[in-house]
Amino acid sequence: MSLISLQGVSKIYDSGEGKVAALQEISLEIATGEFVAVMGHSGSGKSTLLSILGALNPPTTGKVMVDGIPVYDLSIERRADFRSMYIGFVFQQFQLIPYLTAMENVMLPLAILKDSHAQQAAKAKEVLAKVGLGNKLHRLPNQLSGGEQERVAIARAIVNQPPLVLADEPTGALDTKTGQEIMELFRSLHREGLTIVMVTHNKDTLPYVERTIYMRDGRLEADTLSAKTAGAAH
Amino acid sequence: MRLWDISIGNLKVRKTKMLLLVAGMAVGVATIVTLTAITSAMQAEVARYFRDSGVRLVLAPYAEKLSLAYNGVTVAAGVTVEADALEPEVLDKTRELADSMGIRTIAPKFVTQAQVKDRTMLIAGVDFSAEVAINRYWQVTGRYAEQPDEVVLGYLIAERQGLSAGDTVTVEGQPFKVAGVLAETGDKQDRLIFAPLAMVQRLADKEGTLNMIEVVVDRDSSQQALAVLQQALPEVRTSEVKGPMEGRREVADRFQRFSWLVILAVFGIGSLIVMTTMMASVNERTREIGIFRAIGFRRTHIMRIILTEAGLVSGASGVVGYITGMLVAVTAGATVADISGGVPWDPLLAVGVITLSVAAGLLASLYPAVKAANLEPMEALRFF
């Protein structure tokens, strides 16, 4: 069953020197529970695609449905509610709030919900333990390594238990070993049923994903299943 | 984690800037508090004076010409014309009405001219106990007259004649002992000689004659008393006397109007400082706001975060400003504004000024908050 459905999605920016088509007529289906990598050169449109999937960037034309919801037909405030319920973001460079501890950063998406402080704390501790930071709850971001900050960012993305996680270059700021650890973490989350769409330049991450979408000049160039997934499909 | 935890966290991380903002606003609030507290104390002092001293009414004969007068009573017109006199029953009628009209004091007077050395001066025959009760602001060097041959001199008379308590002065050829000299009052009393009523009447050969009666009535019943007296004694001119505290009241009123201008200016400047600081804070936090919006914060959530910060900062400024302003008012009030009763700590002023401070902070932060709330998450993040 499709969690995400894009039909004829285009995004045209006005750059001042003329119109630039970041995405052109993209149609795409992503099923519930898929782990998808989006690859392509700089300017290929992969980040624009991720922002449109994340209900952050209305397309110029086309339709975006997530779990059957026409995302861009929602009002701005309802779209914020949608992001809160459906989407966990793992931003490039972690994007943690510097004055909040690891636990407070993870509790951030819960601050707008009705959970009590005790419930929020319990959820935050649980996901931080899951990402291996159960003993660093009260550290500030600048007291954590890059890999640990990435883990906090992942914990923040999943604390609401959203069905979809969007990750932008999650290994881009990490060394190879830490990058592999993070990909292992994504793989274990995916095995729990989470749908993950990840933008990446790093080919080392591809063994962890089920499907890779290649983009060039705002268009889908290729859409391939990994050998293991393809084998299972046959 | 609640939204206000985010606000407090941000205030902590921008400690220096926010402390400077609190200090700036507190100076403004302190200015408002000092001015308001001093003005209120001045007005309370004036009101207390009027409440305690009551309202002075003067009953005097109608006069055709006025040239030499005391409290509107014609003592002499042209060179030497005798003053009009009140009918003897006026004093009796006034005494009859006293209880029903809240009259506290009745001070009959006979004012006439007298030759002192080679000059013609005014001498007022008074009942000293009633006069002292009426003129509560009087301060005497020496004492008030107790014997028939004693007088009390007004400030200017004593100064010009070089007289002081214990000296002797000759009035209409008779020697009088100067029992005391009044401190300067700034009005016509400074040019008067006060002597026992019966003595002055005898000097003028007018026993039993009065040309003025002053009464003190309760402030609440003064208008009613005035109306009743005017009706009961139509042949007498009854009017209210403005005392020297009227000037003080005018000063207090002017000071209050000036205070309002300063408060408006401080309010405007303070609001601009808050708005500028909050705008800078929003600009510095663009990316952070983008993250909040991306993870599902509504515009209203962003506004609440910014406005909570503004409320906390301006509330703290209000508290600090109130305490500082009151300390200045209490310390300097007596010296600067000559307030005898001191400047009281007023909890209502505290509530008012803290509320005003928070309201100004919130109002000034409304635009930055709306601007922050309207940031497009994509623009704010600029990470895709």
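In the text below, chain A, chain B and the rest are named by the order of the sequence lines, each starting its count at 1. Small disclaimer: the values here were computed from a predicted structure and weren't measured.
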Side chain, backbone, both or neither: which part of A:Leu113 has an atom under 4.5 Å from a heavy atom of chain B? backbone

Atom CD of B:Glu284 with >12 non-hydrogen neighbours under 6.0 angstrom: yes

Other residues, nucleotides, ligands: >12 heavy atoms within 6.0 Å of A:Met65 CE: yes

Let's test your reading of the structure: which of A:Pro109, A:Ala55, A:Ala111 forms the most heavy-atom pairs below 4.5 Å with chain B? A:Ala111

All heavy atoms of A:Leu100 vs all of B:Met1, minimum pair found to be CD1-CE, 4.1 Å

Would you find a donor on one side and an acceptor on the other, under 3.5 Å apart, between the side chain of B:Arg298 and the backbone of A:Ala80? no

All heavy atoms of A:Glu77 vs all of B:Thr300, minimum pair found to be OE2-N, 3.5 Å

Counting heavy atoms not belonging to A:Arg216, are there more than 12 under 6.0 Å from its CZ? no

Look at the side chain of B:His301 and the backbone N and O of A:Ile112, then say whether any donor-acceptor pair between them is shorter than 3.5 Å. no

Determine whether A:Ile76 and B:Arg293 make a side-chain contact, defined as any pair of heavy atoms from C-beta on separated by less than 4.5 Å. yes

Check each atom of A:Glu104 against the heavy atoms of chain B and say whether the ones under 4.5 Å are side chain, backbone, both or neither. both

Show the nearest heavy-atom pair for residues A:Phe91 and B:Ala294, with the distance to one decimal. CZ-CB, 3.7 Å

Is atom CH2 of B:Trp345 surrounded by more than 12 heavy atoms (other residues, nucleotides or ligands) closer than 6.0 Å? yes

Exceeds 12 heavy-atom contacts within 6.0 angstrom, atom CZ of B:Phe258: no

Specify which of B:Val13, B:Leu3, B:Asp5 makes the most heavy-atom pairs with chain A at under 4.5 Å. B:Val13

Would you mind checking which part of A:Asp115 comes under 4.5 Å of any heavy atom in chain B, side chain (CB onward), backbone (N, CA, C, O), both or neither? backbone

Do A:Phe89 and B:Ile291 make a side-chain contact, defined as non-hydrogen atoms from C-beta onward lying under 4.5 Å apart? no

Is it true that, when you exclude A:His201 itself, more than 12 heavy atoms of the residues, nucleotides or ligands shown sit nearer than 6.0 Å to its NE2? yes

Has A:Asp217 got more than 12 heavy atoms of other residues, nucleotides or ligands less than 6.0 Å from its CG? no

Part of A:Arg79 within contact of chain B (heavy atom distance under 4.5 Å): neither

Taking all heavy atoms of B:Phe292 and all of A:Leu108, pick out the closest pair and write down the distance. CE2-CD2, 3.6 Å

Checking B:Arg304 against chain A: side chain, backbone, both or neither under 4.5 Å from a heavy atom? neither

Side-chain contact, heavy-atom cut-off 4.5 Å: A:Arg83 with B:Ile295? no

List in chain and number order the residues that pass side chain to side chain donor-acceptor pair (under 3.5 Å) with A:Thr195, two or more places apart in sequence or in another chain; answer none if no residue qualifies. none

